[in-house]
Engineer: 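Once you've had a glance at the structure underneath, I'll fire off some questions.
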Amino acid sequence: MAVRPSPGGSEGGGVPDRPVIRIYNTLTRSKDPFTPLAGDTVRMYVCGVTVYDRAHVGHARSAVVFDVIRRHLAFRGYQVRFVKNFTDVDDKIIRRANDEGVPASAISARYIEEYRKDMATLGVRPADEEPKATDHVPRMIGLIQRLLKVGMAYEAGGDVFFEVRKFPRYGKLSGKHLSELLAGVRVEVDERKHDPLDFVLWKASKPGEPSWPSPWGPGRPGWHIECSAMAIHYLGESFDIHGGGEDLIFPHHENEIAQSEGATGRPFARFWVHNGLANLGSQKMSKSLGNTQTIHDLARRHPPDALRLYLLGTHYRHPLDFAEARIEDAERSLERFDVLFETAGRLAARGAPAPGADGGLLEALAELRTRVETALDDDFNTPRALAALFEMASALHAYREATDRGERPGGPFLVGVGELLALGGVLGLFEKPRDAAPPPEVLARIEALVRARDQARARRDWKAADQLRGELQALGATTEDTPQGTRWKWAPR
RNA sequence: GGCGGCGUAGCCAAGUGGCCAAGGCGGAGGUCUGCAAAACCUCUAUUCAGCGGUUCGAAUCCGCUCGCCGCCUCCA
């Protein structure tokens, strides 16, 4: 099917009836309606991590936020081509390698693996491409050569610099003016620079550093050039969305724009999306401040969905204060969903539940579903989407009670839980079973104790029953007595 | 100093001109239960940092004041 023209001045995507997604664009400082450049395909590049240490809450936030953005775009019917890079050559990696007496590549390989493991436990789906800077050095060199050719860069003693004054739109993303930036220059100025704001595209390598051959001698790429080169390579010279933490707006993203547009003469990314930072005790969380909480540790103490719920409970552009107590809050609130899934599982296991009059359940859920969808369409408002998800849970619980009393058929309940699961999936929630089953020997012991307790209860021997409940609790099983008999939940710790 | 943002209930957090100011955690009472647990129901901000202004109408717009944070340097 050919791209059809859209008369009447409707959205340019050529797909009728698709709800408009509005995205806050740092470039325009406003929420703009989003349409991709080419048909249904959304091309999106996000700055990943520099791999010299484990991922912390801030990295997780960014990853989860862009994971949700990607999921929602896909949910709305776009083909998303998502690229997220690894910066695997950098001063800090080199320093760490020297400290440990291993090659830089060993450090980066180690932390790439750790990052991937951490993100997998958080339910962050891998990007379609996860390129490493060191695999694209020739492309960076090519881009630098283009810049030299058009006169926007110059070489000086094995280094190559970008000449900021040659790019008139410099500062358009960060809202900074050259004159003000000049006044604020705080770093020592390399006197080979034509202008203090010029930044390095290529640096000659010092002894003991990783290096690549280049027309300017052995060296390594500057930080910013890798993202330009990789984004252009995987997504083209112009693409839809470029993301990252808001601390990257200046200078990283500003410089990326200058380099890319300077070289290609075409607009680089159309939408710039930046997530707010994670704070610890009203201070920015960062490795250099040493106040980080690693995902590795956090994931040992909390279920992944609790971490996700916590991260998505604040709008992505606002600062997020880290407090473990809030993750615990999220963990508690998750139980309301878990009970639902458990009940549904039990119902389904019992055979095809009866369809029938749903007492308005499905209609109520449909309305809530719309609320989830429109919340996400509105600049990915996950807190609002979550609120609607919680209301769906309430409606389902109320219905569940009616089902227990035999007043309502189980069929609509199962349908509703399916809806909830599907919508949670847009946020990456409810994808994994909460807790693994207990080990077989523990399971057998638990089941024996539950039976013994049921017998004690039948004898109305409350003392024995309470004691057995205590033993079960010690094993990690919480009992619940229901009209249908005793149930137990596996929740060790 | 320049640029950007925030201040909503005990805590967290949506809402950015007009139904009763979402939702979660916590708390109180109730239903159910042998007691619990879980769930459900009800309640928990006449008010949105403060002071002025615009408007028929503002948490939402404008001005000022106070407090807090980010970027301007490697950083998600």
Engineer: When both hydrogen-bonding distances must be under 3.5 Å and the geometry is Watson-Crick or G-U wobble, what is G67(B) paired with, if anything?
Structural biologist: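 Pairing partner, where one exists within any strand: C6(B).
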Engineer: Considering only the P atoms, how many Å lie between U60(B) and A9(B), rounded to the nearest integer?
Structural biologist: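 These two P atoms come out 15 Å apart once rounded.
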Engineer: Determine whether Ile94(A) and Ile107(A) make a side-chain contact, defined as any pair of heavy atoms from C-beta on separated by less than 4.5 Å.
Structural biologist: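 In short, these two side chains do not touch, never coming nearer than 4.5 Å.
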Engineer: Tell me whether the side-chain N/O atoms of Ser174(A) come closer than 4.0 Å to OP1 or OP2 in G4(B).
Structural biologist: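 For G4(B), neither OP1 nor OP2 has a side-chain N or O of Ser174(A) closer than 4.0 Å.
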Engineer: Measure from the side chain of Cys47(A), starting at C-beta and using heavy atoms only, and say which of A14(B), A37(B), A76(B) lies closest.
Structural biologist: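 Closest nucleotide to the Cys47(A) side chain: A76(B).
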Engineer: Can you tell which of A14(B), C71(B), C35(B) lies closest to the side chain of Arg469(A)?
Structural biologist: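 It is C35(B).
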Engineer: Salt bridge (Lys or Arg N to Asp or Glu O under 4.0 Å) for Asp466(A) and Arg453(A)? Distances and angles first, verdict last.
Structural biologist: CA-CA 8 Å; Asp466(A) 289 349; Arg453(A) 180 165 170 276; 5.3 Å; no
Engineer: Paired with A58(B): which nucleotide, if any, by Watson-Crick or G-U wobble criteria at under 3.5 Å for both distances?
Structural biologist: none
Engineer: Return the nearest nucleotide to the side chain of Arg336(A); candidates are U73(B), G24(B), G23(B).
Structural biologist: G24(B)
Engineer: Quick check on contacts: within residues 364-375 of chain A, what sits under 4.0 Å from RNA chain B by heavy-atom distance?
Structural biologist: Arg371(A)
Engineer: Looking only at side-chain atoms of His315(A), point me to the closest of A14(B), C74(B), C72(B).
Structural biologist: A14(B)
Engineer: Can you tell me how far C1' in U8(B) sits from the matching atom in C35(B), rounded to whole Å?
Structural biologist: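 It comes out at 41 Å once rounded to the nearest Å.
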Engineer: Does Glu391(A) reach a base, just sugar-phosphate, or nothing at all? Heavy atoms under 4.0 Å.
Structural biologist: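 Sugar-phosphate only.
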Engineer: Nearest to the side chain of Asn279(A), which nucleotide is it out of G24(B), C69(B), A76(B)?
Structural biologist: C69(B)
Engineer: Heavy atoms under 4.0 Å, any strand shown: does Asp466(A) hit a base, just sugar-phosphate, or nothing?
Structural biologist: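 Touches a base.
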Engineer: Counting only Watson-Crick or G-U wobble pairs whose two distances fall under 3.5 Å, which nucleotide matches C43(B)?
Structural biologist: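 Per the H-bond distance test, G27(B).
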Engineer: Picking from G34(B), A14(B), A38(B), which would you name as closest to the side chain of Arg453(A)?
Structural biologist: G34(B)
Engineer: Less than 3.5 Å between a donor and an acceptor, one on the side chain of Asp481(A) and one on the base of C35(B), is that the case here?
Structural biologist: yes
Engineer: Quantified in whole Å, what is the C1' atom distance between nucleotide G53(B) and nucleotide U46(B)?
Structural biologist: 23 Å
Engineer: Main chain of Leu173(A), side chain of Glu254(A): is a donor-acceptor contact present, judged purely on distance under 3.5 Å?
Structural biologist: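 Yes, Glu254(A) side chain to Leu173(A) backbone: donor-acceptor pair under 3.5 Å.
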Engineer: Closer than 3.5 angstrom, by distance alone: can the side chain of Arg326(A) be matched with the main-chain N or O of Asp321(A) as a donor-acceptor pair?
Structural biologist: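 Here the side-chain-to-backbone pair exists.
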Engineer: Picking from G34(B), A76(B), C40(B), which would you name as closest to the side chain of Ala398(A)?
Structural biologist: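 Shortest atom-to-atom distance from the side chain points to C40(B).
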Engineer: What integer number of Å spans the C1' atoms of G27(B) and G10(B)?
Structural biologist: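 It works out to 8 Å between them.
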Engineer: Please measure how far the C1' atom in A49(B) lies from the corresponding atom in U44(B), and state the result in whole Å.
Structural biologist: 22 Å
Engineer: Looking only at side-chain N and O atoms, does His397(A) come under 4.0 Å of OP1 or OP2 in A39(B)?
Structural biologist: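 Checking A39(B) against His397(A), no side-chain N or O comes under 4.0 Å of OP1 or OP2.
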Engineer: Checking contacts here: which listed nucleotide (A14(B), A38(B), A13(B)) is nearest the side-chain heavy atoms of Arg326(A)?
Structural biologist: A13(B)
Engineer: Under 4.0 Å, counting only non-hydrogen atoms across every strand here, what does His274(A) touch: a base, just sugar-phosphate, or nothing?
Structural biologist: nothing
Engineer: Are G23(B) and Phe390(A) stacked, with the base six-membered ring and the side-chain ring centres under 5.5 Å apart and planes under 30°?
Structural biologist: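 No; by the centre-distance and plane-angle rule, Phe390(A) does not count as stacking on G23(B).
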Engineer: Using the C1' atom as the reference point in each nucleotide, state the distance between U31(B) and A36(B) in Å, no decimals.
Structural biologist: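 Looking at atom C1' only, U31(B) and A36(B) are 15 Å apart.
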Engineer: I want to verify a distance call: between A14(B), C25(B), G70(B), whose nearest atom is closest to the Arg332(A) side chain?
Structural biologist: C25(B)
Engineer: Please report the distance separating the P of G2(B) from the corresponding atom of G23(B), rounded so that it comes out in whole Å.
Structural biologist: 42 Å
Engineer: Could you check if a side-chain atom of Phe268(A) sits within less than 4.5 angstrom of a side-chain atom of Phe239(A), using non-hydrogen atoms only?
Structural biologist: yes
Engineer: Is there, by distance only and without an angle test, a donor paired with an acceptor across the side chain of Lys176(A) and the base of C3(B) below 3.5 Å?
Structural biologist: no
Engineer: Compare the minimum distances between each of A14(B), C25(B), G70(B) and the side chain of Glu246(A), then state the nucleotide with the smallest one.
Structural biologist: G70(B)
Engineer: Output yes when at least one side-chain N/O atom of His318(A) is less than 4.0 Å from OP1 or OP2 of A14(B), else no.
Structural biologist: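 Indeed, a polar side-chain atom of His318(A) lies that close.
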Engineer: Provide the distance between the two P atoms, one in U16(B) and one in G1(B), to the nearest whole Å.
Structural biologist: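 Pairwise P distance, U16(B) against G1(B), rounds to 32 Å.
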